[in-house]
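This report refers to the structure that appears directly beneath it.
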Amino acid sequence: MLTLLISVAVSVAASLGLYYATYSFAWAIALAVLLIILINVLMGRHFLNKLKGLFASVEKDLKAGRNEKAIEKLKDGYQYANWQFFVKEQINSQIGMILYANKKFEDARPYLEKGFKKNWMGLAMLAALYYKDKNMEKAIKTMETAVKNAPKEGFPYSFLAWLHVQNNETDKAIDVLGRGTKKNPLDERLESDIELLKNGKKLKMERYGTVWMQLHLGKLPEGAKHYQQFLANQRIKRK
């Protein structure tokens with residue numbers, strides 16, 4: 001992206017100048033590396049602060065029920081996509097999650113499909129769409145990505161196990177939950193889910209509360225808020 005290109009261009013110019021002044025290849029390389037790191041850090045912080053301010057403003061709109069306004073503000077954030085890696089993907093995930101949570105499933109689909117692969121909730125919503133399409137292969141593959149990129153989150157393991165159960169693959173579901181307990185030994189829900197399946201019982205996804213209900217695969221409790229709690233827990237990542 002532009003931040004990286006600028007840092008490389010500046011560092012190369014500066015290191016060449018130093019080399020011709022000192023004829024020291026080692027010092028020129030050291031300066032290039034230092035400048036690349038420094039410029040990336042400074043510019044990264046600059047755009048990260050802009051994105052944090054944007055997301056804080058969006059969160060206020062969501063809490064006030066101004067979903068369309070929140071989406072428009074998020075789209076304004078696309079202007080930073082050329083400066084930092086994965087900005088566009090993260091914004092796509094956020095827009096898709098807002099639309100999906102408000103039952104605009106087909107509007108949400110293209111955003112979720114082009115979303116950030118480390119946003120496990122966005123991936124869960126996308127997997128739920130594939131499940132509704134009866135495309136179990138894509139649903140399971142999507143949640144495998146979520147599990148891989150968020151190994152310390154319990155819900156992706158449970159939802160992936162739930163999908164395997166719907167696909168009549170109980171043994172695979174138990175295996176997934178076993179993987180989850182190794183990464184999350186303190187998550188009692190994963191251990192409980194294993195026992196339920198071993199005893200021929202259904203998984204109790206409702207124990208995940210609003211997180212599960214936001215997928216609209218069960219009944220949403222009256223008064224449950226659609227999205228802002230997810231956004232509050234998101235962290236903008238720089239790459």
Would a single hydrophobic cluster contain both [Y] and [X], if residues Ile, Leu, Val, Met, Phe, Trp and Tyr are joined by side-chain heavy-atom contacts under 4.5 Å?
{"X": "M136", "Y": "M125", "answer": "yes"}
{"X": "V87", "Y": "L74", "answer": "yes"}
{"X": "I194", "Y": "L196", "answer": "no"}
{"X": "M97", "Y": "M143", "answer": "yes"}

Those residues that, when tested against N167, pass side-chain hydrogen bond (donor to acceptor under 3.5 Å, both in side chains) (two or more places apart):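 side-chain hydrogen bond (donor to acceptor under 3.5 Å, both in side chains) check on N167 returns E169.
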What pair of heavy atoms forms the shortest contact from [X] to [Y], and how long is it?
{"X": "K114", "Y": "N92", "value": "O-ND2, 3.1 Å"}
{"X": "L62", "Y": "A70", "value": "CD2-CB, 3.8 Å"}
{"X": "K198", "Y": "I174", "value": "CG-CD1, 4.0 Å"}
{"X": "A161", "Y": "A173", "value": "O-CB, 3.4 Å"}
{"X": "K204", "Y": "D193", "value": "N-OD1, 4.3 Å"}

Please step through side-chain contact (heavy atoms from CB on, under 4.5 Å) for the pair I71 and L99, ending with a clear verdict. CA-CA 9 Å; I71 290 174; L99 293 169; 3.6 Å; yes
Distance in Å, [X] [atom1] paired with [Y] [atom2], rounded so as to fall on 0.5 Å steps:
{"X": "I95", "Y": "K75", "atom1": "CD1", "atom2": "NZ", "value": "6.0 Å"}
{"X": "I98", "Y": "D107", "atom1": "CD1", "atom2": "CG", "value": "12.5 Å"}
{"X": "H164", "Y": "L197", "atom1": "NE2", "atom2": "CG", "value": "11.5 Å"}
{"X": "S93", "Y": "K118", "atom1": "OG", "atom2": "NZ", "value": "12.5 Å"}
{"X": "T145", "Y": "K148", "atom1": "OG1", "atom2": "NZ", "value": "7.5 Å"}
{"X": "M121", "Y": "Q94", "atom1": "CE", "atom2": "CD", "value": "11.5 Å"}

Mind checking whether [X] and [Y] have side chains closer than 4.5 Å, heavy atoms only?
{"X": "W120", "Y": "N149", "result": "no"}
{"X": "E72", "Y": "D76", "result": "no"}
{"X": "V165", "Y": "L203", "result": "yes"}

Backbone N or O of [Y] within a donor-acceptor pair of the [X] side chain at under 3.5 Å?
{"X": "H216", "Y": "A101", "value": "yes"}
{"X": "N184", "Y": "L186", "value": "no"}
{"X": "Y100", "Y": "L215", "value": "yes"}

Determine, step by step, whether D61 and N67 satisfy the side-chain contact (heavy atoms from CB on, under 4.5 Å) criterion, reporting the C-alpha distance in whole Å, the side-chain angles of both residues, the deciding distance to 0.1 Å, and the verdict. CA-CA 7 Å; D61 286 328; N67 296 324; over 6 Å; no
Take F155 and W162, measure what ring pair (Phe, Tyr, Trp, His ring centres under 6.0 Å) needs, and give me the verdict at the end. CA-CA 10 Å; F155 179 78; W162 184 87; 9.9 Å; no
Y130 and its side chain to side chain donor-acceptor pair (under 3.5 Å) partner, picked from R109, E137, E113, K141: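 Going through the options one by one, the only one that passes is E113.
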How about NZ on K73, more than 12 heavy atoms from neighbouring residues, nucleotides or ligands closer than 6.0 Å, or not?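 Yes - once you tally the heavy atoms of other residues, nucleotides and ligands closer than 6.0 Å, there are more than 12.
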Taking it one step at a time, do W212 and F159 satisfy side-chain contact (heavy atoms from CB on, under 4.5 Å)? CA-CA 8 Å; W212 164 248; F159 185 37; 3.8 Å; yes
Sole residue of V176, I140, T142 in side chain to side chain contact (heavy atoms under 4.5 Å, CB included) with L163: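 So the option named by the test is I140.
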S158/R207 under side chain to side chain donor-acceptor pair (under 3.5 Å): CA gap, chis, key distance, verdict: CA-CA 11 Å; S158 286; R207 288 179 297 182; over 6 Å; no
After noting the C-alpha distance and the side-chain angles of K132 and E106, does the key distance pass the salt bridge (Lys or Arg N to Asp or Glu O under 4.0 Å) rule? CA-CA 11 Å; K132 292 170 187 276; E106 291 310 310; over 6 Å; no
Decide whether a cation-pi geometry holds between K183 and Y157; the criteria are a distance under 6.0 Å from NZ or CZ to the six-membered ring centre and an angle within 45° of the ring axis.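 No, cation not above the ring by the 6.0 Å, 45° rule.
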Quick one: side-chain contact (heavy atoms from CB on, under 4.5 Å) partners of K60, sequence neighbours excluded?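 K60: no side-chain contact (heavy atoms from CB on, under 4.5 Å) contacts found.
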